[in-house]
Amino acid sequence: MRLPARSVSRRGLLKGAAVAAGTAAAGIGATGTAAAADASVTATSPDGSTTITMSLTGGALSWSAKRRGAAVVGTSALGLKLSDGTVLGSGGTVVTNYQHWTVNNTWTPVYGRNATVRDWHQEMRWNLQDTATLINFSVQIRAYPSGVAFRYVLLDKGTATIADELTTFVFPDSTLVHSARDEDPYNPVAPGSIPSTGTSGTDNGPLTDLPLTATYASGGLIACICESSRVNFPRLMLSSVSGQPNTLATYLMEHTARGSGPVQATSTVTTPFATPWRAVVTGSNHAELVDNAELVLNLAPANTLTDTSWIKPGKVFRCQLTTDAGLAGVDFAVARGMQYIEYDSGWYGPERGTTDATKPIPEIDLPRVLSYAAAKGIGLLLYINPMAMADVDSLFNLYKSWGVAGVKLGFINDGTQAMTNQITAWVKTAAKYNLLVDSHDDVRPFGYERTSPNWISMEGVRGNEHFPTASHNVTLPFARNIGGPMDYTICYGQSRDQTTDAHQMAMAAVYYQPLNFIYWYDSPSKFSNTANWPGLPWFDAIPTTWDESHTLAGSIGQYVAVARRKGATWYLGAMTNESSRTLSLPLSFLGSGNWTATVYADGTPGTSAYQTPVVVSTRTVTSATVLSAAMAPSGGQAVVLKPS
């Protein structure tokens, strides 16, 4: 069959750089052409564990995915809708070209869960044409040992206005999805039963945020839907579909997350253009899912910064809004092995009514605090509300001249294409002036910490300042934290905690958070009598980024145990929900010889969880040891392992 000649349409689309990068990858297997016919193609991970299949049936596209032969996503729709009503992929589609290859390489992140990341995948790529409009587009599918991913590429040169993405996720019977929107707690429901949320000023409907975790009737298989490489595109939510109880459909946000910006129902892009990757991180068991989270980074563009020597992960102490509190905070940071202090909301005045973030309130002598901090080797972070960010270039230049180390951006509510672009522009400007960025409120990860590693952390979660349940805390490693860094604000020794102190301590090893706020709500004076606080040495020692990580045990909403290594020392954190629990944790990840284990465990439970004391003990272990980690209700355990 002779195919129509390729045309340059006014609606033509895509990102040529994405194709160029792919064809430059090692090991292109084949390139060819195909006629209009039913067909399917499957990408299989090089280790054989995962597959993603793309099919063309009657001119309509679909996809499905499996892990070790078990269905992760059944036959589901693919497609894009343009603003003029054109639908790509739902009918009248033909294959014009195909490519496939396998990639196997490693790369070194500036910081991360591991010192190196392996990018090992097979990609299949169909170039396609819509016969009604002669628009050329592509669908790329990838299979990794850690999961699968796909995206759309609009191939013709010009511009296009995208109105909707028509992807669906059809799950096997009895699947549960752990749904949460904004800072709500997670709610395990059937895909068709996501509750309707939203207001007249926000996106409305049975919508859930990403990352979204699915658990299956088999009990072992688990998957987490994420997005990666979101550039010049709205944020993705997922929606229940009326009359289809096992189906979720993509929903491109038209409002900012809390309705604070203009509505944007479509996205106009310069083409060629590639949409974000839709990633499904998978695990044959729940612990494996946590270790597979780097799939999101593998799909993101490589680091764009030529100099990253100034990017320093670390622990942060938030100071009260006075000069003396800042000076005391610096001394506390030095004593407690921390790298930063922070002045939060209010340091330049009421954040909802002050648009000038260049002048501190009279109570803060900022030059004095900055000078003192610099002399002690401590960095200072400053909070800013977007109201004060009309000219970020001048503002960030000023902060650099002051010696500020980074900014915490509050009320960052992404959603629309315009907000995606605004946020990434702020991050790029911050990098220009060697400033770290920690963004707060309803902003969701999409792998950009690889591309611009100065965007070192973000919130986008029901945080620890809500004093959530232990069940919530042991859901996060399998859900929100799969997508990327998570600023969770550890609250050690807080009477409002619904957990034990050992549970809060374990967070520092279990959660991946390169910029880790510790002792939230506290002042240095609280810890002046160190004998009253046996967990301090744990927080003093623990780093925030790692050379090696292994999840030892886990079940979403029930328990988790993670071991992470920095240099020669391992840090192990275990957490449980409201049930007391003892985990048997093999220490086979240790090297040879004897190791000294310093164990911070729950003591006899108090009348409430936070009153449960921390009991410290030491013992000698080897790689043959199976550690018995006993935890009180809402409890935990933290262990430091050093070679003897």
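Small disclaimer: the values here were computed from a predicted structure and weren't measured. For reference, positions follow the sequence shown, starting with 1.
Side-chain atoms of Asn464 and Gln504 form a donor-acceptor pair, as typed in the model, at a separation below 3.5 Å. Under the 3.5 Å distance criterion, with hydrogens and angles disregarded, a donor-acceptor pair is assigned to the side chains of His466 and Glu183. A donor and an acceptor atom, one from each side chain of Thr266 and Ser83, are nowhere located under 3.5 Å apart. Side-chain atoms of Gln513 and Asp487 form no donor-acceptor pair, as typed in the model, at a separation below 3.5 Å. There is no side-chain donor-acceptor pair under 3.5 Å between Asn127 and Asn136. When only modelled atom types and interatomic distance are considered, Arg142 and Tyr144 share a side-chain donor-acceptor pair under 3.5 Å. Between the side chains of Arg67 and Thr282, at least one donor N or O sits under 3.5 Å from an acceptor N or O. Side chains of Asp497 and Thr499: no donor on one and acceptor on the other come within 3.5 Å. A side-chain donor from one of Asp291 and Thr551 sits under 3.5 Å from a side-chain acceptor of the other. No hydrogens or angles considered: nothing links the side chains of Glu254 and Gln264 as a donor-acceptor pair under 3.5 Å. For the 3.5 Å distance criterion, the side chains of Arg125 and Ser138 fail to qualify, holding no donor opposite an acceptor. Remark: the Gln122 side chain and the Thr44 side chain contain no N/O donor-acceptor pair separated by less than 3.5 Å. Checked by atom type, the side-chain pair Asn421/Asn232 shows a donor-acceptor distance below 3.5 Å. Using modelled atom types, one finds a donor on one side chain and an acceptor on the other under 3.5 Å when comparing Ser471 with Glu578. In summary, the side chains of Ser49 and Arg68 do not present any donor paired with an acceptor at a separation below 3.5 Å, with no hydrogens or angles considered.
Annotation: side chain of Leu583 is in contact with side chain of Tyr559 (closest heavy-atom distance under 4.5 Å). Considering only heavy atoms from C-beta on, Ser229 stays 4.5 Å or farther from Leu299 through its side chain. Looking at heavy atoms from C-beta onward, Trp120 lies in side-chain contact with Asp47 at the 4.5 angstrom threshold. Residues Val139 and Leu78 form a side-chain contact, since some pair of their non-hydrogen atoms from C-beta on lies under 4.5 Å apart.
A donor-acceptor pair is defined here as one N or O able to donate and one able to accept, closer than 3.5 Å; no such pair exists between the side chain of Ser64 and the backbone of Thr75. Judged by distance alone, the side chain of Arg181 and the main-chain N or O of Ser196 form no donor-acceptor pair under 3.5 Å. Under the 3.5 Å distance criterion, the side-chain polar atoms of Thr168 are left unmatched by any main-chain donor or acceptor of Val170. Judged purely by atom type and a 3.5 angstrom limit, Asn481 has no side-chain atom pairing as donor or acceptor with the backbone of Leu476.
Residues Phe467 and Trp520 keep their aromatic ring centres 6.0 Å or farther apart. In this structure, Trp63 has its ring center under 6.0 Å from that of Phe150.
Between Thr42 atom OG1 and Ile52 atom CD1 the span is 9.0 Å, to the nearest 0.5 Å. Here the CZ atom belonging to Arg581 is positioned 6.5 Å from the CE atom belonging to Met631, to the nearest 0.5 angstrom. Summarising the geometry, atom CG belonging to Leu88 is positioned 12.0 Å from atom CD belonging to Glu165; distances are rounded to the nearest 0.5 Å. Interatomic distance, CZ of Phe446 versus OG1 of Thr424, reported as 6.0 Å (0.5 Å rounding).
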*Could you go through the side-chain contact (heavy atoms from CB on, under 4.5 Å) check for Phe169 and Leu212 one step at a time?*
CA-CA 12 Å; Phe169 297 77; Leu212 179 80; over 6 Å; no
*asked:* With side-chain contact (heavy atoms from CB on, under 4.5 Å) as the criterion, how do Thr420 and Gln417 come out once you've worked through the C-alpha distance, each side chain's angles and the decisive distance to 0.1 Å?
replied: CA-CA 5 Å; Thr420 296; Gln417 177 196 38; 5.7 Å; no
*asked:* Using the rule given for side-chain contact (heavy atoms from CB on, under 4.5 Å), can you reason through Val562 versus His550, listing the C-alpha separation, both sets of side-chain angles and the distance that settles it, and then say yes or no?
replied: CA-CA 6 Å; Val562 179; His550 297 289; over 6 Å; no
*Which is it for Tyr511 and Asn516 under the side-chain contact (heavy atoms from CB on, under 4.5 Å) test, yes or no, and what are the steps along the way?*
CA-CA 10 Å; Tyr511 296 158; Asn516 198 350; over 6 Å; no
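Tyr488 does not carry Arg462 over the face of its six-membered ring by the limits of under 6.0 Å from the centre and within 45° of the normal.
Ion pair Arg113/Glu294 not flagged as a salt bridge, since none of the NZ, NE, NH1 or NH2 atoms sits closer than 4.0 Å to an Asp/Glu carboxylate oxygen. Comment: Arg235 engages Asp414 in a salt bridge, judged by a side-chain N to carboxylate O separation of less than 4.0 angstrom.
Checking Pro206, Ser239, Pro191 one by one against Leu248, the side-chain contact (heavy atoms from CB on, under 4.5 Å) holds for a single residue, Pro191.
In terms of heavy-atom proximity, Asn285 sits nearest to Glu288 at OD1-N, 2.8 Å.
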